[in-house]
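Encoded as structure tokens, the structure appears first; notes follow it.
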Amino acid sequence: MGASASDLFDCARLESVFRHCFAESENIRLVGGAAEPLYQPAEDNRVMNLLFFREDYFASALHEISHWCIAGTERRRQLDFGYWYAPEGRNQQEQQAFESVEVKPQALEWYFSFACGYPFRISVDNFGVAGVAPDTSHFRHSVVTQAKAWQKTGLPARATQFFEALSEEFNARADIAKIHFDAEALA
């Protein structure tokens with residue numbers, strides 16, 4: 001009998017891979033069970049950086065790891081990487097600002113999803129104003145464009161390390177050069 005999806009995509013596996021890759025070198029720990037995702041840099045009373053993901057959601061963990069892999073040194077010194085967050089119901093300008101900072105993390109999350117055989121779903125994190133869903137076609141195109149650009153130039157260093165470790169852990173045998181990124185798959 002094969003493993004169930006919940007066993008296969010157990011967040012404890014992600015936490016273990018992340019710990020193996022980065023706990024010592026980057027002084028960070030991935031922590032599930034949070035009501036909301038959050039990055040907390042180490043402070044005087046807390047010696048480790050903490051990266052919290054929502055509940056026990058596998059996709060949330062992959063997404064937060066993506067943000068962390070992209071964040072530079074200065075961003076990693078700031079609470080939640082210094083990003084702002086506007087809640088559900090953003091207007092068009094707020095939604096465009098959100099999407100502009102989400103292109104790279106979501107493209108990277110897509111890579112990580114391939115590395116562990118987990119289905120990726122793009123997230124605009126907004127159901128629209130007055131019940132009208134935002135048009136996501138431009139955002140989907142931007143995520144695909146970024147994913148393809150990284151195929152040519154290579155992923156950021158921490159992302160490459162994590163991608164390779166995920167691919168090994170989940171036995172996905174993902175080859176960055178052979179991944180097919182298609183906007184239609186994001187619809």
Side-chain angles (χ1 to χ4, degrees), residues 6 9-91 93-116 118 120-126 139 142-143 146-147 150 153-170:
S6 62
F9 300 119
D10 181 350
C11 291
R13 291 179 78 186
L14 286 180
E15 291 171 3
S16 176
V17 172
F18 191 81
R19 182 175 51 253
H20 177 75
C21 287
F22 305 116
E24 209 171 295
S25 64
E26 300 287 341
N27 192 38
I28 188 163
R29 187 170 141 224
L30 180 65
V31 182
E36 291 296 331
L38 180 70
Y39 171 73
Q40 288 183 325
E43 296 175 345
D44 294 336
N45 61 345
R46 187 182 61 257
V47 295
M48 288 198 86
N49 302 299
L50 300 174
L51 182 61
F52 293 95
F53 64 95
R54 187 166 162 80
E55 308 286 336
D56 64 346
Y57 300 144
F58 200 85
S60 176
L62 291 178
H63 185 75
E64 297 313 311
I65 293 166
S66 298
H67 274 288
W68 180 80
C69 284
I70 291 168
T73 303
E74 289 303 313
R75 287 267 185 205
R76 291 192 318 271
R77 289 184 182 135
Q78 299 176 54
L79 181 65
D80 224 10
F81 309 113
Y83 291 123
W84 58 271
Y85 182 76
E88 169 62 35
R90 291 184 286 274
N91 63 34
Q93 184 180 8
E94 290 169 330
Q95 185 63 26
Q96 287 173 342
F98 169 84
E99 290 176 6
S100 71
V101 298
E102 281 291 315
V103 169
K104 286 184 177 183
Q106 291 202 29
L108 189 51
E109 180 185 346
W110 200 2
Y111 273 94
F112 293 160
S113 294
F114 273 112
C116 53
Y118 187 78
F120 172 73
R121 291 184 60 186
I122 200 161
S123 174
V124 294
D125 194 35
N126 193 13
F139 183 57
S142 297
V143 170
Q146 179 60 57
W150 274 330
T153 63
L155 295 173
R158 289 186 311 255
T160 298
Q161 181 181 355
F162 192 64
F163 178 91
E164 291 170 356
L166 279 179
S167 187
E168 184 176 321
E169 168 69 21
F170 287 87

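Counting from 1, the numbers follow the sequence of the chain as shown.
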Kindly compute the distance separating [atom1] ([X]) from [atom2] ([Y]), expressed to the nearest 0.5 Å.
X    : Y    : atom1 : atom2 : result
D80  : F52  : CG    : CZ    : 11.0 Å
F58  : L14  : CZ    : CG    : 3.5 Å
R121 : S113 : CZ    : OG    : 11.5 Å
F22  : I28  : CZ    : CD1   : 9.0 Å

Contact check, side chains of [X] and [Y], non-hydrogen atoms, under 4.5 Å:
X    : Y    : result
L108 : I65  : no
P156 : W150 : yes
R76  : W68  : yes
F9   : F170 : yes
L38  : L50  : no

If a pair satisfies side-chain hydrogen bond (donor to acceptor under 3.5 Å, both in side chains) and one of its residues is in residues 11-29, list it, with sequence neighbours excluded. R13-E169
Side chain to side chain contact (heavy atoms under 4.5 Å, CB included) between R75 and Y83, intermediate numbers included: CA-CA 9 Å; R75 287 267 185 205; Y83 291 123; 3.8 Å; yes
On a heavy-atom basis, which atom in [X] and which in [Y] lie closest, and how many Å separate them?
X    : Y    : result
Q40  : L79  : CG-CD1, 3.9 Å
C11  : Y57  : SG-C, 3.7 Å
I122 : V143 : CD1-CG2, 3.7 Å
S123 : F98  : O-CE2, 4.1 Å
A165 : C21  : CB-SG, 3.4 Å
Y118 : L62  : CD2-CD1, 4.2 Å

Only one of Q106, E102, R54 forms a side chain to side chain donor-acceptor pair (under 3.5 Å) with H63, so which one is it?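 Per the side chain to side chain donor-acceptor pair (under 3.5 Å) rule, the option paired with H63 is E102, out of Q106, E102, R54.
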Are the side chain of S167 and the backbone N or O of F163 linked by a donor-acceptor pair below 3.5 Å? no
Just by distance, do the side chain of E64 and the backbone of L51 share a donor-acceptor pair under 3.5 Å?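 Side chain of E64 to backbone of L51: no pair is present.
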Once the angle between the rings of F18 and F162 is folded into 0 to 90°, is it parallel (under 30°), tilted (30 to 60°) or perpendicular (over 60°)?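 Perpendicular: the ring planes of F18 and F162 meet at over 60°.
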In terms of the angle between their ring planes, are F81 and Y39 parallel, tilted or perpendicular, with boundaries placed at 30° and 60°? parallel
For Q95 and E99, does a side-chain donor sit closer than 3.5 Å to a side-chain acceptor?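 Q95 vs E99: donor-acceptor pair found between side chains.
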Neighbour count >12 (heavy atoms, 6.0 Å) for atom CD, E168: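 No, because the 6.0 Å sphere around CD of E168 holds 12 heavy atoms or fewer from other groups.
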